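Scroll down for the structure; my scribbles are underneath it.
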2 protein chains.
Amino acid sequence: MRKVFLFMDTIFNKVDAKGRVSLPADYRAIAKELSTEIVCYRSLNAPCIEGCLEDSLDKLATEIENSTDFFSETQDNLTNLIFGDARRFVFDSTGRIMLTEKLLKHAEITDMAVFVGKGRKFQIWNPKNWEKEEARIRAEVMQKRPVLKMQKEQE
Amino acid sequence: MRKVFLFMDTIFNKVDAKGRVSLPADYRAIAKELSTEIVCYRSLNAPCIEGCLEDSLDKLATEIENSTDFFSETQDNLTNLIFGDARRFVFDSTGRIMLTEKLLKHAEITDMAVFVGKGRKFQIWNPKNWEKEEARIRAEVMQKRPVLKMQKEQE
DNA sequence: TTGAATCCCATAAAATACCATGTTATACCA
DNA sequence: TGGTATAACATGGTATTTTATGGGATTCAA
């Protein structure tokens, strides 16, 4: 039994004509062990698909339910965007899920997909787009490194 | 057996001449597994139908009972509106429910309906109206994103 | 008896489960 | 450490099931 559950690594898989793609074995193992399902939705911040465990969304739903701000308009809007877009993706016996047109289009994915681990979440990118994004992120982190270092030293 | 119960995704279904519409399969599965019924009412905030599990309304009733704000006029009014409007909608063997004139009129639905997941609830919209509403919400969330991001980082 | 609601059957399309295979990664043993 | 046996994995293809939806039959109440 594993103690921690993190989506990690960067995995390239093929997307076939039907939109089927193998979920990385490690990701499947996590969902199986926690007996929960994988949920995917369009990222709000980038042209990619975002995935997480259904448990995570359930947690979010509970938080919203118990919030004193129950009738808050912002939260009402957010739930529409998140839950309206998300969907469970149950993988078959060979470990594949079938991505929808909507998701594929948003991420500009055609025949290849990259799974990028993000800890509690993961993302699915078009390989070309991910290459650019990774370079961009790397550059940004490099630039901010002096600041990060300073903060650490203060602790 | 599923662990969590969330209404998700956005599904377009036809409303036939008799007013019948298929409840999305996943929504049906939730009601079945929890052996509870689907309840619908006119949304208080938007021109759409709102639906949830009968369990959820029961929970709401209990919360209001236990609330220190028991004699709050606002809550009194809200409960009047919701419970006065709500009705169970049992789906037939093919998974369809029959929406009432009152609900259809409120949501301006004629021959097509969009089911929009909201976690513990869902909404049913006229496709055109939903299109506009989604654009509106997306714009608003984007505008408020910096604030949301700050809140998240504080967690 | 007439109109409306409910139930049941039929069908086409789409989603899902299953089987087969080549390749890669892992485990095991000398 | 090197080499081989074994298991796991991604992926192509096919079979089966599920789902939405049209139409008709039946029931119930006004």
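Within every chain, numbering begins at 1; the chains are lettered A, B, ... in the order of the sequence lines, protein sequences first and strands thereafter. Fair warning: this is a prediction, and the values are worked out from it, not measured in the lab.
Between R20(B) and D92(B) there is no salt bridge, since none of the side-chain N atoms of the basic residue sits less than 4.0 Å from a carboxylate O of the acidic one. Salt-bridge check for E108(A) with K132(A): failed, with every basic side-chain N at 4.0 Å or more from each acidic carboxylate O.
Taking atom CG on D92(B) and atom P on dT6(C), their separation rounds to 9 Å, with Å as the unit. For L104(B) and dA5(C), the CG to P distance is 11 Å, given to the nearest whole Å. In this structure, the CD1 atom of I11(B) is 14 Å from the C1' atom of dA14(C), given to the nearest Å. Following rounding to the nearest Å, F12(A) (CZ) and dT24(C) (P) show an atom-to-atom distance of 16 Å. What separates NZ of K18(A) from C1' of dC18(C) is a distance of 11 Å, to the nearest Å. Rounded to whole angstrom, the span from the CG atom of N13(B) across to the P atom of dG22(D) amounts to 10 Å. We find that CG of D9(A) is positioned 14 Å from C1' of dC9(D), with the value rounded to whole Å. One interatomic measurement links the two molecules: CE of M112(A) to P of dA10(D), which rounds to 12 Å at whole-angstrom precision.
Taking the nucleotide of DNA chain C with the nearest heavy atom to each of F91(A) and F91(B), the more 5' of the two is matched to F91(B).
The side chain of M98(A) sits closest to dT16(C) out of dT16(C), dT11(D), dA10(C). In the set dG24(D), dA20(D), dT16(C), the nucleotide with an atom closest to the side chain of R87(A) is dT16(C). For R20(A), the side-chain atoms get nearest to dC18(C) when compared with the rest of dC8(C), dT11(D), dC18(C).
Under the ring-ring contact (aromatic ring centres under 6.0 Å, His included) test applied with W125(B), the options F115(B), W130(B), F12(B) reduce to a single match, W130(B). The one candidate from R120(B), K118(B), K121(B) that meets the salt bridge (Lys or Arg N to Asp or Glu O under 4.0 Å) condition with E50(B) is K121(B).
No hydrogens or angles were tested; on distance alone, nothing pairs the side chain of K14(B) with the base of dT19(D) as donor and acceptor under 3.5 Å.
Of the side-chain N and O atoms in R28(A), one or more sit less than 4.0 angstrom from OP1 or OP2 of dA10(D). Side-chain N/O atoms of R96(B) include none lying less than 4.0 angstrom from OP1 or OP2 on dC8(C).
Of the N and O atoms on the side chains of N80(A) and E134(B), not one donor lies less than 3.5 Å from an acceptor on the other residue.
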